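Notes to accompany the following structure.
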Amino acid sequence: MLWDGIHWIVSERDYDDDVYIRGKITQCNYFLKWQNEKNEIVGRWAVIETVTRYNNGVFEGKFIDNIQSTISAMIGCDDETMKLKRDFRFLADIYSEEPYAFKITQRDVLSKYYGDSGLITWALTQEGFNPETDNTELMIADYRKPAEESTITGADIIYIGRSASYTSPLTSPNWTLIDAPIDWIVSKNQSCDIMIPVDLSLAGKSITLSDGTNEKKITIKALL
């Protein structure tokens with residue numbers, strides 16, 4: 001919730017709401033960002049707190065000492081946040097040149113769920129920043145560049161005995177016609193022409209043009 005220009009999370013509330021609801025709100029202090037399975041950038045406000053023992057950030061092993069700072073992130077439970085589980089990585093820092101990276105090492109979805117809504121608490125353990133995959137400009141760990149979209153441009157209708165031109169943004173499109181009795185394409189690299197023969201039986205039928213990535217449905221009509 002946004003109140004007085006500040007983002008807050010309802011961190012506690014009564015389960016029974018027959019008369020009124022009592023609760024507690026906690027001020028958010030960081031905006032976490034990541035990519036979902038569709039490569040869309042998603043962001044949510046969260047409450048970040050340190051939970052490292054004595055806050056020294058060092059795990060003393062037998063051979064080497066590893067930086068192992070752990071923080072907790074309390075965030076609202078929704079269709080995006082509920083999908084994130086162990087080993088999912090985030091960038092979280094106020095310094096973006098080489099920010100700290102964290103991964104989920106524990107996930108609590110039960111203790112703060114109130115029947116119809118609730119919170120998720122993640123334990124986030126610090127790990128190494130990866131300059132090959134971590135995007136400091138967007139502050140997203142394991143960034144994946146969205147796939148190039150292909151949109152075929154051209155008329156939705158072709159008249160019998162006429163031709164129409166179509167263009168693809170792909171460098172080397174593979175032009176093919178689907179549901180056509182014969183190939184009516186005259187290819188011109190990134191563009192192509194489709195010539196409909198003089199055959200009145202084709203009126204009202206549809207064909208599908210493909211560039212190898214995207215498809216476009218085209219209706220054949222007779223001249224009035």
Side-chain angles (χ1 to χ4, degrees), residues 1-60 65-131 133-144 146:
M1 60 178 290
L2 182 64
W3 178 60
D4 198 22
I6 299 173
H7 290 268
W8 303 75
I9 276 181
V10 179
S11 52
E12 294 181 10
R13 57 159 281 190
D14 291 336
Y15 185 81
D16 186 358
D17 59 357
D18 288 342
V19 180
Y20 53 83
I21 299 175
R22 291 181 178 177
K24 175 183 176 181
I25 60 175
T26 303
Q27 182 177 338
C28 299
N29 56 1
Y30 195 80
F31 189 69
L32 278 174
K33 294 196 296 182
W34 65 92
Q35 282 178 293
N36 61 18
E37 69 277 6
K38 299 178 182 178
N39 288 355
E40 298 168 334
I41 295 177
V42 180
R44 298 288 188 272
W45 281 97
V47 177
I48 304 291
E49 297 178 327
T50 181
V51 294
T52 300
R53 187 181 182 186
Y54 304 127
N55 201 27
N56 62 6
V58 175
F59 173 76
E60 297 180 358
D65 291 344
N66 297 324
I67 296 176
Q68 198 175 43
S69 175
T70 301
I71 60 177
S72 71
M74 184 168 61
I75 198 165
C77 181
D78 58 35
D79 291 341
E80 294 288 351
T81 58
M82 67 189 303
K83 300 174 185 176
L84 307 185
K85 299 186 179 181
R86 283 183 186 269
D87 296 326
F88 194 91
R89 297 176 70 249
F90 300 93
L91 296 184
D93 207 327
I94 59 173
Y95 179 67
S96 61
E97 187 68 26
E98 190 172 327
Y100 284 173
F102 294 86
K103 69 177 179 180
I104 299 176
T105 51
Q106 186 56 273
R107 174 176 173 268
D108 176 10
V109 296
L110 300 177
S111 63
K112 289 186 178 294
Y113 194 76
Y114 303 101
D116 56 354
S117 60
L119 303 173
I120 296 175
T121 302
W122 295 318
L124 303 178
T125 301
Q126 184 184 347
E127 63 171 31
F129 170 78
N130 186 342
T133 61
D134 296 341
N135 188 314
T136 57
E137 182 178 354
L138 297 174
M139 285 297 286
I140 294 177
D142 300 325
Y143 178 73
R144 304 179 303 276

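Side chains included, hydrogens not; waters and symmetry mates left out as well; all remaining heavy atoms used. Everything numeric here is computed off the predicted structure, so don't read it as measured data.
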Close side-chain approach of Glu127 to Arg89, heavy-atom, < 4.5 Å: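 When only atoms from C-beta onward are counted, Arg89 and Glu127 do touch, with a gap below 4.5 Å.
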What residues form a side-chain contact (heavy atoms from CB on, under 4.5 Å) with [X], not counting sequence neighbours?
| X | result |
| --- | --- |
| Gln27 | Ile6, Trp8 |
| Trp34 | Leu32, Val42, Arg44, Ile75, Glu80, Thr81, Leu84, Phe88, Phe90 |
| Arg86 | Gln106 |
| Tyr100 | Asp93, Phe102, Gln126 |

Heavy-atom pair with the smallest gap, counting every atom of [X] and [Y]:
| X | Y | answer |
| --- | --- | --- |
| Asp134 | Ala141 | OD1-CA, 3.4 Å |
| Gly128 | Ala101 | O-CB, 3.8 Å |
| Ile71 | Ile48 | CD1-CG2, 3.7 Å |
| Ile9 | Gly76 | CD1-N, 4.2 Å |

Kindly compute the distance separating [atom1] ([X]) from [atom2] ([Y]), expressed to the nearest 0.5 Å.
| X | Y | atom1 | atom2 | result |
| --- | --- | --- | --- | --- |
| Ile140 | Thr133 | CD1 | OG1 | 12.0 Å |
| Glu97 | Thr136 | CD | OG1 | 7.0 Å |
| Ile104 | Leu124 | CD1 | CG | 6.0 Å |
| Glu98 | Asn130 | CD | CG | 10.5 Å |
| Ile41 | Met139 | CD1 | CE | 12.5 Å |

Listed by chain and number, what are the side-chain hydrogen bond (donor to acceptor under 3.5 Å, both in side chains) partners of [X], not counting sequence neighbours?
| X | answer |
| --- | --- |
| Ser72 | none |
| Glu40 | Asn36 |
| Glu37 | Lys83 |
| Asn135 | none |

Contacts of type ring-ring contact (aromatic ring centres under 6.0 Å, His included), residue Phe31, not counting sequence neighbours: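 So Phe31 forms a ring-ring contact (aromatic ring centres under 6.0 Å, His included) with Trp45.
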For Lys33, which residues count as a salt bridge (charged side-chain N to carboxylate O under 4.0 Å, His left out) partner, sequence neighbours excluded?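 Testing Lys33 for salt bridge (charged side-chain N to carboxylate O under 4.0 Å, His left out), a comparison that skips the adjacent residues, returns none.
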What residues form a salt bridge (charged side-chain N to carboxylate O under 4.0 Å, His left out) with Asp87, not counting sequence neighbours?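 Counting only residues at least two positions away or on another chain, Asp87 forms a salt bridge (charged side-chain N to carboxylate O under 4.0 Å, His left out) with Lys103.
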Would Val109 and Met82 count as a side chain to side chain contact (heavy atoms under 4.5 Å, CB included) here? Give the steps. CA-CA 8 Å; Val109 296; Met82 67 189 303; over 6 Å; no
